[in-house]
Amino acid sequence: MDTMETVTVKISGELGNFTPEEEEELRRAGDIIRKGGLVAFPTETVYGLGGDALNKESSAKIYAAKGRPSDNPLIVHICSLEDMREIVSELPEAAIRLARVFWPGPLTLILRKSDRVPKETTGGLDTVAVRFPSDPVAQKLIEYGGGYVAAPSANLSGRPSPTVAKYVEEDMKGRIEMILDGGEACIGLESTIVDVTVTPPQILRPGYITKEMLEQVLGEVDTDVTILKSDSGQAPRAPGMKYRHYAPKGELTIVEGPSELVSAYINEHTAEDKASGEKTGVIGTEERIEKYSADVVKSVGSREEEESIARHLFTVLREFDDDGVTKIYSESFEKAGLGQAIMNRLLKAAGHRVVKLPQDKSGK
Ligand code: TXA
Ligand code: MG
């Protein structure tokens with residue numbers, strides 16, 4: 001791929017108030033998108049890699065910059081509810097209700113597409129993924145970029161999604177025109193994806209908006225069975241969910257069971273690994289971090305506050321790469337609520353390598 005100069009611009013935009021200089025940079029970024037170029041930008045979930053969603057050449061550039069297979073469709077980001085009508089051919093009641101409650105916010109809806117959306121953007125599908133993000137920098141960029149910005153997460157295909165601009169630079173420098181640095185993404189995991197073309201609506205990717213929250217609005221909601229299983233024998237309904245993802249360079253194993261057994265297992269194995277020349281790492285939580293003796297021990301957050309675990313997970317995975325760790329062990333998390341999204345990403349990062357320790361042998 002040709003290398004180009006990538007400029008990074010800091011935009012603080014506290015509460016949506018931009019300085020005149022920031023406004024100018026945002027307009028410049030919007031122009032790049034209108035002219036068919038690519039700009040990475042912050043959202044409340046993770047950083048996105050944006051291009052004009054209605055321009056098939058822009059979509060082709062996005063796939064090339066990420067090294068992403070072109071059958072993996074892109075999410076179209078909008079900045080006003082009315083704009084949705086242009087790009088969809090049907091608007092089911094469920095979509096309207098979810099949009100009213102959760103937009104702008106970390107929710108993506110799968111809808112039947114209109115002719116305005118090129119197949120290059122939707123990976124050949126007749127449906128389109130639509131999201132209205134709440135981040136003010138994202139909203140301004142979408143507005144100045146023409147209203148429809150296709151944006152996958154701004155990582156190279158297979159790597160953890162970036163939650164800070166530094167990791168966007170690491171993956172995208174020389175591949176895109178501009179990076180808007182708006183600080184740390186506050187949620188840290190990608191949006192919840194809900195297919196509203198089926199009845200009942202189905203969750204294709206878990207995220208910050210949980211099944212319970214969706215059920216409060218819609219009543220019944222299904223979940224794609226492949227979300228937490230590696231052996232369902234079915235293809236995930238979101239094409240991107242079938243690919244190896246988020247994987248750190250070191251070999252990651254999740255250890256599940258009573259906390260005392262988990263830490264004993266991890267310490268025993270990191271000791272053995274060290275003896276055979278590996279650099280070892282542990283993904284632990286505030287509550288248990290003292291127990292581990294690996295080379296690099298990182299707390300991903302507190303079990304008392306699941307949001308903190310979601311926010312730091314991808315960063316921690318990338319930091320193990322920076323540290324050159326070759327064997328990583330992680331604690332396991334509850335699979336309900338936000339934990340479902342956390343475990344979905346962690347299981348993918350581990351290639352579903354899980355050790356299950358017996359519940360009944362718990363020391364206490
Ligand atoms: O939070 C997010 O959603 C972030 C930020 C940047 O907005 N974006 C993001 O995009 O995670 P990406 O491309 O990394 O993931 C999009 C996922 C993929 O798994 C893709 O297969 C699925 O959405 N998807 C997109 N369009 C779809 C469609 N029409 N039907 C089913 N799945 C679709
Ligand atoms: Mg992604």
Side-chain angles (χ1 to χ4, degrees), residues 38-51 53 59 62-63 65-79 87-89 102-114 117-135 137-139 141-142 149-163 167-168 171-172 180 182 185-198 201-209 224 226-227 235-247 310 314 341 344-345 348-349:
L38 305 183
V39 176
F41 62 100
T43 82
E44 68 278 22
T45 57
V46 299
Y47 274 72
L49 173 56
S59 294
I62 291 176
Y63 288 110
K66 274 183 72 83
R68 175 170 179 156
S70 60
D71 69 341
N72 186 358
L74 307 174
I75 295 175
V76 180
H77 294 67
I78 57 175
C79 61
I87 53 171
V88 307
S89 59
F102 297 111
W103 278 358
L107 176 70
T108 295
L109 299 176
I110 306 294
L111 292 149
R112 301 239 152 261
K113 79 173 196 69
S114 77
V117 188
K119 288 252 174 151
E120 283 75 6
T121 300
T122 63
L125 299 176
D126 294 326
T127 51
V128 60
V130 187
R131 164 154 138 73
F132 181 175
S134 63
D135 186 291
V137 178
Q139 290 181 357
L141 176 72
I142 298 162
V149 172
S153 48
N155 51 282
L156 288 173
S157 192
R159 301 211 69 201
S161 303
T163 54
Y167 290 131
V168 179
D171 284 13
M172 291 299 152
L180 298 175
C186 61
I187 292 177
L189 299 178
E190 308 88 340
S191 61
T192 305
I193 302 180
V194 180
D195 184 349
V196 283
T197 66
V198 294
Q202 192 177 37
I203 301 172
L204 307 190
R205 179 174 72 182
Y208 185 82
I209 308 288
D224 184 340
T226 64
I227 280 174
R237 297 199 48 240
M241 300 289 278
K242 73 173 178 268
Y243 294 105
R244 181 170 167 269
H245 238 88
Y246 314 124
F314 289 151
N344 168 263
R345 307 312 194 275
K348 276 173 173 292

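Fair warning: this is a prediction, and the values are worked out from it, not measured in the lab. Indexing begins at 1, ligand by ligand and atom by atom, following the structure's order. When a residue number appears, it is its place in the shown sequence, counting from 1.
Taking 4.0 Å as the cut-off, Arg68 counts as a neighbour of ligand 1 on heavy-atom distance. Contact analysis puts Ile110 in contact with ligand 1, with a non-hydrogen atom separation below 4.0 angstrom.
Paired with Ile203 under the rule side chain to side chain contact (heavy atoms under 4.5 Å, CB included), one option of Asp195, Asp224, Thr192, Ile209 passes, and it is Thr192.
Remark: ligand 1 and Tyr47 share no N or O pair separated by less than 3.5 Å (distance only, no angle test). Below 3.5 Å of separation, one finds no N or O of Arg237 facing any N or O of ligand 1.
In terms of protein heavy-atom proximity, atom 7 (O) of ligand 1 is closest to His77 NE2, 2.7 Å. The nearest heavy-atom contact from the protein to atom 5 (C) of ligand 1 is Thr45 OG1, 3.6 Å. Looking only at heavy atoms of the protein, atom 8 (N) of ligand 1 is closest to Ala151 O, 3.7 Å. For atom 19 (O) of ligand 1, the closest non-hydrogen atom on the protein side is Gly240 CA, 3.3 Å. Of the protein's heavy atoms, Thr127 OG1, 3.0 Å lies nearest to atom 29 (N) of ligand 1. Here the protein heavy atom with the shortest distance to atom 15 (O) of ligand 1 is Arg205 NH1, 3.2 Å.
Judged purely by distance below 3.5 Å, without hydrogens or angles, the side chains of Arg345 and Ser161 never pair a donor atom with an acceptor atom. Using a 3.5 Å distance cut-off with no hydrogens or angles, the side chains of Thr45 and Ser191 do not pair a donor with an acceptor. In summary, the side chains of Arg131 and Thr43 do present a donor paired with an acceptor at a separation below 3.5 Å, with no hydrogens or angles considered.
Here Pro152 has heavy atoms under 4.0 Å from ligand 1 in both its backbone and its side chain. Residue-level proximity to ligand 1 for Arg131 is carried by the side chain, the only part with a heavy atom below 4.0 angstrom. With a 4.0 Å cut-off on non-hydrogen atoms, Asn72 touches ligand 1 through its side chain and not its backbone. In Ile193, the part holding a heavy atom less than 4.0 Å from any atom of ligand 1 is the side chain.
Side-chain contact between Pro162 and Asp171: absent, with no pair of heavy atoms (C-beta onward) separated by less than 4.5 Å. At least one side-chain heavy atom of Leu74 sits less than 4.5 Å from a side-chain heavy atom of Tyr63.
Every atom of ligand 1 with a heavy atom of Gly48 under 4.0 Å away is listed here by number and element: 6 (C). Numbered from 1 in the order shown, with element, the atoms of ligand 1 that lie under 4.0 Å from a heavy atom of Leu125 read 28 (C), 29 (N), 30 (N). Near Ser153, meaning under 4.0 Å from any of its heavy atoms, are these atoms of ligand 1: 8 (N), 9 (C), 10 (O), 12 (P), 14 (O).
Between the side chain of Thr121 and the backbone N or O of Ala53 there is at least one donor-acceptor pair closer than 3.5 Å. Between the side chain of Thr163 and the backbone N or O of Val46 there is no donor-acceptor pair closer than 3.5 Å.
Within the coordination shell of the Mg ion (ligand 2), defined by N, O or S atoms under 2.8 Å, Asn155 is absent.
Between Lys66 atom NZ and Leu156 atom CG the span is 7.5 Å, to the nearest 0.5 Å. One finds the CZ atom of Phe102 at 11.0 Å from the OH atom of Tyr208 (value rounded to the nearest 0.5 Å).
Shown here for Phe41 and Val149, the closest heavy-atom pair between the two residues is CE2-CG1, 4.1 Å. The shortest non-hydrogen separation linking Cys79 to Gln139 is CB-O, 3.7 Å.
For atom 24 (N) of ligand 1, the nearest non-hydrogen atom from the set Pro133, Pro73, Ala154 belongs to Pro73. In this comparison of Ser191, Gly207, Ser161, the heavy atom closest to atom 2 (C) of ligand 1 sits on Ser191.
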